[in-house]
Amino acid sequence: MRLKKVFVEADDLLDDFATEVTRRKLISHRLKAIRQNLDLIAKDKASLDLVERRQPLLLEPNSVQLNLDRETYSFVPDGEVEENVVVISIVGLGGLGKTTLAQWVHNDEMVKANFNKRLWVCVSDVFEVKMIAEKIVESAGGEKANYLQLDTVQNELTEMLDGKKYLLVLDDVWNENTLKWSKLKNMLIGGAKGSKILVTTRSDVVAEVSGSVHQHKLGNLSEEEAWTLFEKMAFECNKESENSNLVEIGKEIVRKCGGVPLAIKSVGSLLRLKRTENEWIYFKNQDLSSITRGGNDVMTILRLSYNHLPQHLKICFAYCSLFPKDFEIQRFDLIDMWIAQGFIQSTISNRDNVEDHFYKMHNLIHDLAKEVADREFFSITKTEDTEVVPEQTLHASCLFQIDGSLVFPSDFYRKHIKLRTFIYLNDSPYNVMSNSTLERMISSFVRLRILYLCQLPIELLPQSLGGLKHLRYLAISSESIVTLPNSITKLHNLQILKLVNCNKLTKLPRDIWRLVSLRRLVCRFCHSLTHIPPGLWQLASLMHLDFNYCLSLEDMPPGIGQLTSLRTLTNFIIGEESCISGLASDKLNELKGLVDLRNRLTINFMGRVCAIGERTLTDVVKNMKHLRQLSVEFEYGNHEDDDTGDDLIMLEALQPHQNIESLRIVNYSGSRFPSWLMVENLGFLLPKLVYLCIGDCHKCQKLPLLWKLPSLQSLVLRNLNFVENIDGLEGDDKFMLPSDECYFSSLKRLELRAINEKIMKQILCPPHHHSPLCDLNNLTLGSVDGLATMPEGVCRNLVSLSTCLTHLSSLEFFCIDNCPQLDLSSDEAMQFQAPGNLSTFRVLMLDKLTTLPVWLQHFSEWIGGLISLNRLEIDGSPMLTSLPKGMRSLTALQMLIVKRGSSILKQRCQEEVGEDWPKIAHIPRVYIQE
């Protein structure tokens, strides 16, 4: 312990020294530039008639002290509880998959249709009724501003659940106190009859105390299931699984895991890195020998996996103990925190090629992290904990609700002056941290490497923030903050600056260029941010720029093209002034040198593009071989102007690399698409394209040879008013479509909205082709111009009025949306033959729908055709007043949903008494709404 203390002191001292070196270098470069500029001015003083004047320096404004009050609330649990709420429990040992099963239930389509509200709360070892109630309200998506206007959490819940049928999942419950359960139920009685609470727990007692009417007890995997899971985790390729000796050793190891999925996955992942028989035998005989039968087997196995981690990864794992259970964290955020603390080194690696995702720790893994974390790591879960934080603590997280009256004990600051991490993660809408507390905290914890303040209504950050010279990672999430102090630019070691949901933030610090170590700048959901400081180009270390959902951002600062280390640039905005003044080409050309960009890039033209001069703009993104998604969005509404050809010049220069997987072109005003899209060998130029969306291109008359794209799985065409043909599908007698393999060979999802009937025919019924789109399983049709009846060649594809739908043998989902002239109830529908795989049929906004299609009414005549139809949804058809008798024959139907229908239909379908009830009584889930 003494050695570790000395090491920490030495590390801080070295960091002080490195920081001072960086600061002096920065000052030296700045002074040199100033001297050069002064020399130039001195030479020109006489000719410019400059006069010397003395002016007092402007001082930085003082921090404003705010007193933020918060409303109190009360809870009265008295009263009789009507048993509208039924409790069901999933019971089993840790690691069996209770949470996973609950997630499947929560996200099931039938469940979504059967409940008005679905709510999820991770409870863990703290069962406080008020806390759970707040989490329920938050899970329902209520506005935080509304919370603060309510007198009580109980009133909020009552209003939210009043008369509604809800499903509430309480995950990982340990409470065995009957009174607490009674109080919670008192707060939930406003729900309609049929509401359910689904509890996951390791304890039979909890299931009993909660009043569960049914306990679903999860058992262990069978030997066969356990081996299948292990084999998937442990063997990287089939060759290894062919080694009979490894297989035999592996099966012995699996038996020791007791059929627990989490243990099997953990051991399998560990052995994946050990390739020899000797390593597997050693693991079996030495590491697994201590495992005994009993409730702690899973933790013992997980502990083994931890013991095999390299030392630097052990401390990374322990660091995860700072986060609460069920917390979602972005992978890159966690890695950046480890880098900021020096646990791992920052390297340019393949992780830059992968999209960031949110992850959760399994509850048992979290328990293990808590167990192995020593006194260096401490989570403050309640106010009283501030007095018992160990003096050795270097990394702390604050997880409880803070109110305006909170004052940390004086010795808390004195004892923890060496704190390296402070993370605040409670997202209660009632959080209030006073300016004085924040000022005291920042001025005291001068050795912080990480400061993470989430969901605190901070309006001003103190100027003392600039004194945190060791700070590497700063994350702020506050809907109240308007500006950042310029003193933040003194943080020469800052690597990560993350600003999320700072809705009132209008600008970044003017001297942001001083943050010479900055690698990642994230401004996400900062809706009021309009400009980025012009000196950004000087940040040579910058690798990631994220401006997602900064909806007011007007332009990019000059010099972005000089940031050649950039790996991420989510948005590149060409401002209105740049567009109309003819500078769009110059702006766009800055992207040309950013060849290492990866993942996704959205290019926004904010004004009507005007190209000036003879500059040839080519290959702006063509060399970005790591880029996977490209979106090009022109100014909305510019289709009303004449086609000047300027949009075409821009789009011609944006041919992507062959590795591109997703392409969006929106609001394009050209009369033709760029040459690189209209080539004969389009499939060769874009061989990996999986998703293509072309929307609001109102002047184009011909689409490219989209059907030649070999990997295309999802195609979306929207608002293409004047498109009359798809290249190669004009349908003349001389044209013969190639074989099936060449026509949309991979297409699975097709969405056509606001296009004319001719284009729909060309795609769905190409000339001289007998069975196109045989792999299509999801089809949506909306606002098709001129579609009064379903044409012969198309009806089969739309599950409607034709005799030849059979070639769409893979169709599973079909939707018709907003076709007010479409009549699905003609006698022609009797000729229809449905695909056997159809599972969902949805019609939305069909004004002429007075009865279901004839093919449904007379279903008994060809019942074999729809053996898979399990969901029928009708939305926005008020003329539909009755259901046909043939509904009884839809034996596979599990769900019937009618939204925005007629009051007559709702009355006729009333349970037990309605005239149409016998026709649908066999359907498990029926939801009919006016």
Side-chain angles (χ1 to χ4, degrees), residues 1-2 4-9 11-12 15-16 63 65-68 70 126 128 131 318-324 327 337 340-341 369-370 373-428 430-478 491:
M1 184 60 69
R2 290 171 57 196
K4 198 166 197 176
K5 187 175 181 180
V6 173
F7 173 78
V8 170
E9 289 287 348
D11 188 41
D12 284 341
D15 203 50
D16 284 340
S63 299
Q65 301 295 318
L66 300 177
N67 293 317
L68 300 177
R70 81 179 196 39
V126 180
E128 296 296 336
M131 179 202 73
Y319 197 84
C320 297
S321 66
L322 295 175
F323 301 98
F327 180 74
M337 288 182 181
Q341 293 295 351
K370 283 286 190 184
D374 59 19
R375 295 164 69 87
E376 283 187 21
F377 304 91
F378 194 88
S379 293
I380 308 171
T381 58
K382 54 185 181 296
T383 307
E384 296 78 19
D385 286 349
T386 57
E387 299 179 3
V388 296
V389 180
E391 192 167 351
Q392 299 94 329
T393 297
L394 296 176
H395 311 282
S397 60
C398 185
L399 309 179
F400 66 94
Q401 178 185 321
I402 293 180
D403 61 35
S405 63
L406 172 71
V407 178
F408 288 103
S410 296
D411 63 342
F412 177 79
Y413 300 104
R414 178 185 54 79
K415 286 169 55 180
H416 304 295
I417 191 172
K418 298 177 183 178
L419 206 62
R420 292 187 169 197
T421 298
F422 185 83
I423 296 174
Y424 184 77
L425 278 175
N426 187 287
D427 55 2
S428 167
Y430 305 107
N431 284 322
V432 177
M433 178 179 281
S434 68
N435 278 17
S436 57
T437 298
L438 183 60
E439 166 70 39
R440 179 81 183 273
M441 182 186 299
I442 289 176
S443 59
S444 298
F445 302 149
V446 293
R447 299 191 184 183
L448 282 178
R449 262 76 165 169
I450 292 176
L451 179 59
Y452 188 108
L453 301 177
C454 175
Q455 298 297 88
L456 279 173
I458 304 167
E459 292 191 5
L460 287 172
L461 286 170
Q463 292 290 337
S464 57
L465 184 66
L468 300 179
K469 59 183 178 181
H470 300 283
L471 198 66
R472 263 81 168 170
Y473 185 112
L474 174 62
I476 305 290
S477 176
S478 170
L491 303 175

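Quick caveat, the model's predicted, so the values are computed rather than measured.
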Audit row: L438, L461, side chain to side chain contact (heavy atoms under 4.5 Å, CB included) steps and yes/no
CA-CA 8 Å; L438 183 60; L461 286 170; 4.1 Å; yes
[Y] side chain reached by [X] side chain, heavy atoms, under 4.5 Å:
X    : Y    : result
D411 : Y413 : no
L451 : Y424 : no
L322 : T421 : yes
L465 : L474 : yes
L399 : I380 : no
L425 : P324 : yes
I442 : F422 : no

Could you tell me which residues satisfy side chain to side chain donor-acceptor pair (under 3.5 Å) with [X], sequence neighbours excluded, listed by chain and number?
X    : value
S443 : none
S321 : none
R447 : D12

Kindly compute the distance separating [atom1] ([X]) from [atom2] ([Y]), expressed to the nearest 0.5 Å.
X    : Y    : atom1 : atom2 : result
N435 : E459 : CG    : CD    : 8.0 Å
K415 : S444 : NZ    : OG    : 14.0 Å
K382 : E387 : NZ    : CD    : 11.0 Å
T386 : E384 : OG1   : CD    : 7.5 Å
M337 : F323 : CE    : CZ    : 4.5 Å
F327 : C454 : CZ    : SG    : 6.5 Å

Test log, rule side chain to side chain donor-acceptor pair (under 3.5 Å), inputs K370 and S379
CA-CA 9 Å; K370 283 286 190 184; S379 293; 3.0 Å; yes
Do the ring planes of Y452 and Y473 sit parallel (below 30°), tilted (30 to 60°) or perpendicular (above 60°)?
parallel
Aromatic rings F377 and H395: how do their planes relate, parallel, tilted or perpendicular, breaks at 30° and 60°?
parallel
Minimum heavy-atom separation for [X] to [Y], with atom names?
X    : Y    : value
L394 : K418 : CD2-O, 3.7 Å
H470 : V446 : CD2-O, 3.5 Å
R449 : A340 : CG-O, 3.5 Å
L419 : A396 : CD1-CB, 4.1 Å
P390 : H416 : O-CE1, 3.0 Å
Q401 : N426 : N-ND2, 3.4 Å

Short question: side chain of S478, backbone of L456 - any donor-acceptor pair under 3.5 Å?
yes
Starting from the C-alpha separation in whole Å, work towards a yes-or-no answer on side chain to side chain contact (heavy atoms under 4.5 Å, CB included) for I458 and L453.
CA-CA 9 Å; I458 304 167; L453 301 177; 3.9 Å; yes
Before you tell me yes or no, could you show the steps for Q341 and I450 under side chain to side chain contact (heavy atoms under 4.5 Å, CB included), namely the whole-Å CA-CA distance, both residues' side-chain angles and the distance that decides it to 0.1 Å?
CA-CA 8 Å; Q341 293 295 351; I450 292 176; 3.6 Å; yes
Report the C-alpha separation of T393 and E376 in whole Å, then their side-chain angles, then the decisive distance to 0.1 Å, and conclude whether the side chain to side chain donor-acceptor pair (under 3.5 Å) test is met.
CA-CA 4 Å; T393 297; E376 283 187 21; over 6 Å; no
Given the rule in the side chain to side chain contact (heavy atoms under 4.5 Å, CB included) test, do L491 and L468 qualify, once you have shown the distances and angles that lead to the verdict?
CA-CA 7 Å; L491 303 175; L468 300 179; 4.2 Å; yes
